[in-house]
Amino acid sequence: MDRAVGRWLADRRPETTPSAGLRGLAVDGKSLRGAAKAQGRKIHLLAALEHTTSLVLAQLDVGEKTNEITRFEPLLDAIADLAGVVVTADALHTQREHAAYLLRRRAHYIMIVKGNTKKLHKQLKSLPWKDIPLQGRVKGVGHGRAEIRRIKVATVNDLLFPAARQAIQVRRRRTDRKTGTTTVKTVYAVTGLTAEQADPAQLARLIRGHWRVETLHHVRDTTFAEDASQLRTGNAPRAMATWRNLAIGALKLAGTTNIAADLRHNARDPRRPLATLGLMRWQNGRHAGTPQPAAMAMPPPMSVVSDGMPA
């Protein structure tokens, strides 16, 4: 199901143009808390989400006897073509093996560096950042806070990481608009992209774009009440997470800006979701090319093609 839904969404992605810039793909995990309470075991899913479209192109169950690190490559193996894609990941996935894998797939990477890679973190922290001019400053407001993000980038050739070409420092200054409390945090990252391939503005956009995956988690939790669900049967929790990805992705492809409102709209007529999925022609509240009857019967059952997706 995960592979079929990922392929279905990938096949319907809008065509990209050179002017659109580098394509980002965020890798991140999420636990299904309610299902864990019901089944007595932790269910943790790892997903790959495209930055610009917020489509989940791959997802898999991490499993109880392993962790996200070992599932990084199997997750991305499900995506046919990674050439030219910039994979973004948090500090857990800042692994030399992951970088080498992406290089073999002709992909790029931007990885956050923290204390779990002590030598690399020390190397980045010791760079002469004070002598490097500020190369970007972005203000933003959201989630009850005001934020200023400053970025500096340095070209490097001797970092303890495969094919690393640029080191990144992002300093985030956040102010809670309710309490007035201000916090400042410095984050380091490393990338295999050269200065010619990605300037500071592009790197800042890609780092910021990684957190689109948190928006997906928020929608699944608040709009679909994923964490409140306590499904107990077999793989049902994982299957429902896959269907949520499909629903969100289909609505995104249809141009929605409000998932909750569009879900309510689709729920009023059982034919609307079929039209959204491209399984029924539906224009101006009626079947395309047919008159509008007083009461329309449900459409006939859908056929299924060999890959398991509705025909």
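- The two atoms that bring Ala48 and Ile79 nearest to each other are CB-CD1, 4.1 Å, heavy atoms only.
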TODO: Start with the C-alpha gap between Asp77 and Arg105, add the side-chain angles, then the distance that decides, and say whether side chain to side chain contact (heavy atoms under 4.5 Å, CB included) holds.
DONE: CA-CA 9 Å; Asp77 281 342; Arg105 295 286 308 270; 3.9 Å; yes
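- When hydrophobic clusters are built by joining Ile, Leu, Val, Met, Phe, Trp and Tyr residues whose side-chain heavy atoms come closer than 4.5 Å, directly or via intermediates, Leu92 is not grouped with Ile43.
- Not a single donor-acceptor pair under 3.5 Å links the side chain of Thr175 to the backbone N or O of Arg177.
- Side chains of Thr88 and His51: a donor on one and an acceptor on the other come within 3.5 Å.
- Here the CD-CZ distance, from Gln95 to Phe72, works out to 9.5 Å after rounding to the nearest 0.5 Å.
- Under a 4.0 Å N-O distance rule, the pair Lys178/Asp176 does not qualify as a salt bridge.
- Residues Leu9 and Leu82 share a single hydrophobic cluster, defined by chaining ILVMFWY side chains whose heavy atoms lie under 4.5 Å apart.
- Grouping the Ile, Leu, Val, Met, Phe, Trp and Tyr side chains by contacts below 4.5 angstrom, directly or via other members, places Leu46 with Met240.
- The backbone N or O of Leu57 sits nowhere less than 3.5 Å from a side-chain atom of Glu50 that would complete a donor-acceptor pair.
- Not a single donor-acceptor pair under 3.5 Å links the side chain of Lys139 to the backbone N or O of Glu147.
- Gln59 places no side-chain N or O within donor-acceptor distance of the main-chain N or O of Val56, the cut-off being under 3.5 Å.
- The existence of a salt bridge linking Glu214 and Arg212 is excluded, since no basic side-chain nitrogen approaches an acidic carboxylate oxygen closer than 4.0 Å.
- Although no hydrogens or angles enter the test, the distance criterion places no donor-acceptor pair under 3.5 Å between the side chain of Gln166 and the main chain of Leu203.
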TODO: Begin with the C-alpha distance, continue with both residues' side-chain angles, and end with the deciding distance and a verdict on side chain to side chain contact (heavy atoms under 4.5 Å, CB included) for Leu193 and Arg165.
DONE: CA-CA 6 Å; Leu193 290 161; Arg165 293 294 176 263; over 6 Å; no
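- In this structure, the side chains of Leu22 and Val85 stay at 4.5 Å or more apart for every pair of heavy atoms.
- Residues Gln197 and Thr194 are in side-chain contact: their nearest non-hydrogen atoms beyond the backbone lie under 4.5 Å apart.
- Within a 6.0 Å sphere centred on CZ of Arg171, other residues, nucleotides and ligands contribute 12 heavy atoms or fewer.
- Leu246 and Leu263 fall into different hydrophobic clusters, where Ile, Leu, Val, Met, Phe, Trp and Tyr are joined by side-chain heavy atoms under 4.5 Å apart, directly or via other members.
- Side chains of His44 and Glu68: a donor on one and an acceptor on the other come within 3.5 Å.
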Task: Worked verdict on Val190 versus Ile168 for side chain to side chain contact (heavy atoms under 4.5 Å, CB included) - done: CA-CA 6 Å; Val190 64; Ile168 306 162; over 6 Å; no
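- The pair Arg220-Asp227 does not count as a salt bridge, with every side-chain nitrogen at least 4.0 angstrom from each carboxylate oxygen.
- For the atom pair CZ (Arg13) and OG1 (Thr52), the distance works out to 7.0 Å, reported to the nearest 0.5 Å.
- A salt bridge between Asp90 and Lys114 is absent, with no side-chain N of the basic residue lying under 4.0 Å from a carboxylate O of the acidic one.
- Using modelled atom types, one side-chain atom of Thr276 and one backbone atom of Arg272 make a donor-acceptor pair closer than 3.5 Å.
- Between Ser54 and Leu49 the shortest heavy-atom distance is O-CD1, 3.6 Å.
- No side-chain donor-acceptor contact under 3.5 Å links Thr256 to the backbone of Lys252.
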- [ ] Show the numbers, then the answer: is there a side chain to side chain contact (heavy atoms under 4.5 Å, CB included) between Leu216 and Asn245?
- [x] CA-CA 9 Å; Leu216 171 76; Asn245 289 340; 4.1 Å; yes
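- Among all heavy-atom pairs drawn from Leu32 and Glu226, the shortest one is CD2-OE1, 3.3 Å.
- Judged by distance alone, the side chain of Gln169 and the main-chain N or O of Lys152 form no donor-acceptor pair under 3.5 Å.
- For the atom pair OG1 (Thr223) and CD1 (Ile248), the distance works out to 7.5 Å, reported to the nearest 0.5 Å.
- Rounded to the nearest 0.5 Å, atoms CG (Leu206) and OG1 (Thr191) are 8.0 Å apart.
- Across all non-hydrogen atoms, the minimal contact from Ala154 to Ile132 is CB-CD1, 3.7 Å.
- Counting heavy atoms from C-beta on, the side chains of Asp28 and His217 come closer than 4.5 Å.
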- [ ] Determine, step by step, whether Asp61 and Arg71 satisfy the salt bridge (Lys or Arg N to Asp or Glu O under 4.0 Å) criterion, reporting the C-alpha distance in whole Å, the side-chain angles of both residues, the deciding distance to 0.1 Å, and the verdict.
- [x] CA-CA 9 Å; Asp61 189 349; Arg71 305 299 281 162; over 6 Å; no
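- Taking every heavy atom of both residues into account, Leu127 and Ala167 meet most closely at CD1-CB, 3.6 Å.
- With a 6.0 Å radius and a threshold of 12 heavy atoms from other residues, nucleotides or ligands, Arg172 has its CZ atom above the threshold.
- Between the side chain of Arg12 and the backbone N or O of Trp8 there is at least one donor-acceptor pair closer than 3.5 Å.
- Closest of all the heavy-atom pairs between Leu60 and Pro74 is CD2-C, 3.8 Å.
- Proximity of the aromatic rings of His98 and Tyr109 is defined here by a centroid distance below 6.0 angstrom, and this criterion is not met.
- Taken to the nearest 0.5 Å, the CG atom of Leu102 stands 8.0 Å off from the CD atom of Glu73.
- Phe161 and Val87 fall within a single hydrophobic cluster, where Ile, Leu, Val, Met, Phe, Trp and Tyr are joined by side-chain heavy atoms under 4.5 Å apart, directly or via other members.
- At distances below 3.5 Å, at least one donor-acceptor pair connects side-chain atoms of Thr94 with backbone N or O atoms of Ile112.
- Atom CG of Leu45 and atom CG of Leu75 lie 10.5 Å apart (nearest 0.5 Å).
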